[in-house]
Number of protein chains: 2
Amino acid sequence: MIHAILLYEDNKLLRESVCSLLGMADEYEIKGAFADCSLVEKQVALHNPDVILMDIDMPGVNGIEAVKKIRAFNQSAQIIMLTVFDDSEHVFNALRAGANGYLLKKDISDKLIDSIDEILTGGAPMSPVIARMVINSMQQQQKVRDNYKLTRREGDVLHLLSKGNSVKMIANALGVSIDTVRTHTKNIYDKLHVNSQTEAVSKALNEKLV
Amino acid sequence: MIHAILLYEDNKLLRESVCSLLGMADEYEIKGAFADCSLVEKQVALHNPDVILMDIDMPGVNGIEAVKKIRAFNQSAQIIMLTVFDDSEHVFNALRAGANGYLLKKDISDKLIDSIDEILTGGAPMSPVIARMVINSMQQQQKVRDNYKLTRREGDVLHLLSKGNSVKMIANALGVSIDTVRTHTKNIYDKLHVNSQTEAVSKALNEKLV
DNA sequence: TTGTAAATACCCAAAAAGGGTGAGTTTTTT
DNA sequence: AAAAAACTCACCCTTTTTGGGTATTTACAA
C-alpha cells in the first residue's frame with residue numbers, strides 16, 4: 001500500500017531534499033509540499049494524507065498552530081514535526097497540540113524514512129534528545145515528592161484532599177473525627193509550608209506529591 | 001571506551017541470550033547478570049555500571065522498586081527496562097521511578113544494541129508502542145481542556161487559584177474587589193460542576209485545565 | 001523502660017468560603 | 001445600533017476553614 005504524505009516546510013532547499021529523499025522510497029507518495037500553512041485545512045481535507053511532515057517555524061501560521069487546526073477535524077493523520085527547536089517549550093507545545101512525532105532537522109537524513117515507517121505502525125518517532133526530554137519531564141515531577149516526609153496518614157489525607165474531597169468527606173472516608181482530619185491537615189500545612197487547603201492541593205498536584 | 005553493563009532478569013534463557021547478544025559487541029562488558037534484585041544496591045555500588053538492564057517482573061524486589069533503590073544513591077547509571085508489560089501503569093511507574101528507557105522484550109533482539117548506544121548518547125530508547133503511549137498521555141491531558149468554556153477572566157482566576165493563591169491575593173493581583181473574584185469563582189464552580197475551591201483546583205490540575 | 005513520633009480528639013474565636021440575589025458597566029458579537 | 005456576553009461590585013446568611021491551643025492512646029525505638 002502506498003502512503004500519502006504532505007510536507008510543510010518553508011525552506012526551499014530542505015523541502016526539495018525531503019521530497020527527493022522520499023521520492024526514492026516507492027511506498028510513499030508526496031501529495032503536496034507547501035511553503036506555508038495558510039491553506040492547511042483545505043489541503044489536508046483534500047488529500048487526506050497518512051502522514052504530515054510539519055515544520056514549526058514558518059511565516060504566517062506556524063506549525064504548532066497548524067497542527068491544532070488539523071486536529072480540530074482530523075485525528076487520523078500522523079503528524080511528525082520537523083524542526084530545529086529542541087527546547088521544551090516548542091517540543092511540548094507541539095506534542096500537546098497533537099503531533100505524533102518530533103524529529104530534529106539534523107536527524108532527518110538519517111531517520112526520516114524509519115520515522116515514517118514507525119509512525120505508520122503506531123510508534124512515536126522522536127530524536128533521541130527529544131525522547132529524553134519527554135522522559136525527563138515525567139521524572140522531574142517525581143523528584144520533589146520524597147522531600148516533605150509526610151506520615152502515612154498525612155499522605156492519605158493529602159491524597160483525598162487532592163481529589164477534591166472536603167474535610168468532612170475525608171473524616172467520613174477514613175472513619176475518624178473531623179478534628180482528627182483537621183489535625184492532620186494542620187501538620188500537612190506545616191510540612192508543605194502552606195496555610196490553606198487550596199495551597200496544599202496546588203502544591204501536591206503541581207509537584208506530583210500525590 | 002568499554003561500557004560496563006549490569007543485567008537483572010529472572011528468566012534464565014533470556015538472561016543468557018541477552019548476555020550472548022551483548023557478548024558479540026566488544027564495546028560492552030557485562031559485569032554481572034543477576035536473577036533477582038535482592039543485592040541490587042551493593043552490586044550497583046560495586047560495579048558502577050554505565051547501563052543497567054532491568055526486568056520488571058522478578059521474584060522478591062521487582063524491577064521498579066529496584067530502580068527506586070538505585071536512584072536513591074545513583075543518578076548516573078542509565079537504566080533500560082526490559083519487560084513484557086506494555087500497560088500504562090507499569091510504563092509510567094517505571095519511568096517515574098527513574099528509568100531512562102523502556103524496551104519490550106519482543107523488541108530486544110532487534111533493538112537492544114541500538115538502544116544501549118542511544119541511551120549512552122543521551123537518548124531515551126523506547127519501543128515504538130511505548131513512545132506512543134508516552135506521547136498520548138501528554139495529549140490526553142490537553143483534550144479535556146477546551147470543554148468548560150471558561151471566560152478569559154475566569155481562566156485567569158482559576159489559574160491563580162491553582163497556583164495556591166487565596167481569593168484575597170487574586171483580587172489584589174487582578175486589581176478588582178474580593179467580591180468580584182468571588183463571583184468569578186462561583187461561575188467557575190458552576191461550569192466545572194464543583195462546589196469548592198479545593199475541588200476546582202483539583203479538577204483543574206488533574207485535567208490540566210491550567 | 002523511657003522517650004518520641006504518630007494518630008486521635010476536643011475547644012475557642014476569627015477569617016474565609018459557599019450560595020444566593022441584584023445591578024451597573026464594559027466588550028463583543030451580531 | 002442593538003443584543004448578548006462578560007466583567008464588575010455589593011450585600012445577605014450559613015457553613016467551612018483556619019490558627020491557636022491542649023490532651024490521650026498507641027507504637028516503636030533508644
Side-chain angles (χ1 to χ4, degrees), chain A residues 41 65 68-69 72 144-207 209-210, chain B residues 41 69 72 144-207 209-210:
Chain A
E41 287 131 313
E65 290 305 316
K68 287 183 190 170
K69 289 185 178 187
V144 215
R145 185 181 295 195
D146 305 315
N147 283 86
Y148 296 100
K149 296 186 179 164
L150 299 184
T151 68
R152 187 175 308 126
R153 209 51 159 171
E154 288 160 1
D156 293 343
V157 170
L158 182 56
H159 183 76
L160 290 168
L161 269 184
S162 298
K163 294 283 184 192
N165 295 285
S166 67
V167 168
K168 195 180 283 183
M169 293 166 76
I170 295 174
N172 191 57
L174 296 182
V176 299
S177 84
I178 289 182
D179 278 302
T180 299
V181 178
R182 265 163 53 64
T183 302
H184 289 312
T185 62
K186 289 174 191 174
N187 291 331
I188 293 171
Y189 294 171
D190 281 347
K191 292 183 181 178
L192 299 196
H193 305 300
V194 301
N195 44 24
S196 77
Q197 248 186 50
T198 308
E199 243 186 308
V201 169
S202 168
K203 193 155 191 169
L205 291 176
N206 279 314
E207 301 188 359
L209 291 176
V210 291
Chain B
E41 287 132 311
K69 289 186 177 187
V144 213
R145 185 180 298 195
D146 305 315
N147 282 85
Y148 295 101
K149 296 187 177 164
L150 299 185
T151 68
R152 188 174 306 126
R153 208 51 159 174
E154 288 161 0
D156 293 343
V157 170
L158 181 56
H159 183 77
L160 289 168
L161 269 185
S162 298
K163 295 281 183 192
N165 295 285
S166 66
V167 168
K168 195 180 283 185
M169 293 166 78
I170 295 174
N172 191 57
L174 297 181
V176 298
S177 85
I178 289 182
D179 276 307
T180 299
V181 177
R182 272 156 56 66
T183 301
H184 288 314
T185 62
K186 290 171 189 173
N187 291 332
I188 292 171
Y189 295 171
D190 281 345
K191 292 184 180 178
L192 298 197
H193 305 300
V194 301
N195 44 25
S196 76
Q197 247 185 51
T198 307
E199 243 185 307
V201 170
S202 168
K203 192 156 192 170
L205 292 175
N206 280 315
E207 301 189 0
L209 291 176
V210 291

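The figures that follow rest on heavy atoms only: side chains count, while hydrogens, waters and symmetry mates do not. Lettering follows sequence order; numbering is per chain, from 1. All figures in this text were calculated on a predicted structure; none of them were measured in a lab.
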* Asked: Please give, in whole Å, the distance from D:dT16 C1' to A:Asp179 CG?
  -> 13 Å
* For A:Val181 and A:Ala171, which heavy atoms make the closest approach, and how far apart are they? -> CG2-CA, 3.5 Å
* How long is the line joining CG of B:Asn195 and C1' of C:dA17, in whole Å? -> 11 Å
* Quick one: B:Asn165 CG to C:dA17 C1', roughly how many Å, whole number? -> 16 Å
* B:Asp156 has an atom CG; how far is it from atom P of D:dA6, in whole Å? -> 14 Å
* Structure fact -> Ranking D:dT17, D:dC7, D:dG19 by distance to the side chain of A:Ser166, first place goes to D:dT17
* Can a donor-acceptor pair under 3.5 Å be found between the side-chain atoms of B:Lys186 and the base atoms of C:dG19? -> yes
* Taking every non-hydrogen atom, the tightest pair across A:Arg153 and A:Leu174 -> NH2-O, 3.5 Å
* To do: Give a yes/no on whether any side-chain N or O of B:Lys168 is located under 4.0 angstrom from OP1 or OP2 of C:dA16.
  => yes
* In terms of side-chain heavy atoms of B:Gln197, which of C:dG18, C:dC11, C:dT8 is nearest? -> C:dG18
* Does a side-chain N or O from B:Arg182 land closer than 4.0 Å to OP1 or OP2 of C:dG18, or not? -> no
* Asked: Counting side-chain heavy atoms from CB outward, which of D:dC9, C:dA17, C:dT8 is closest to B:Thr183?
  -> D:dC9
* Would you kindly compare A:Tyr189 and B:Ile178 by the position of their nearest DNA chain D nucleotide and give the one closer to the 5′ end? => B:Ile178
* Is the base of C:dC10 touched by the side chain of A:Ser177 through a donor-acceptor pair closer than 3.5 angstrom? -> no
* Indicate whether OP1 or OP2 belonging to D:dC7 is found under 4.0 Å from a side-chain N or O atom of B:His184. => no
* Can you check the B:Leu161 CG to C:dA17 C1' distance for me, whole Å? -> 11 Å
* Calculate the interatomic distance between B:Asn187 atom CG and D:dA6 atom P; express it in whole Å. => 10 Å
* Which heavy atom of B:Ser202 sits nearest a heavy atom of A:Lys163, and at what distance? -> OG-C, 3.3 Å
* Non-hydrogen atoms of A:Val201 and B:Val201 that approach each other most closely -> CG1-CG1, 4.0 Å
* Could you state the CD1-C1' distance from B:Ile188 to D:dA6, rounded to the nearest angstrom? -> 13 Å
* Quick check: does any side chain N or O of A:Lys203 sit under 3.5 Å from a backbone N or O of A:Leu192, one acting as donor and the other as acceptor? -> yes
* Structure fact -> In whole angstroms, the gap separating P of D:dT8 from CD1 of B:Ile170 amounts to 13 Å
* Verify the contact: side-chain N or O of A:Thr180 to OP1 or OP2 of C:dA7, cut-off strictly under 4.0 Å; return yes or no. => no
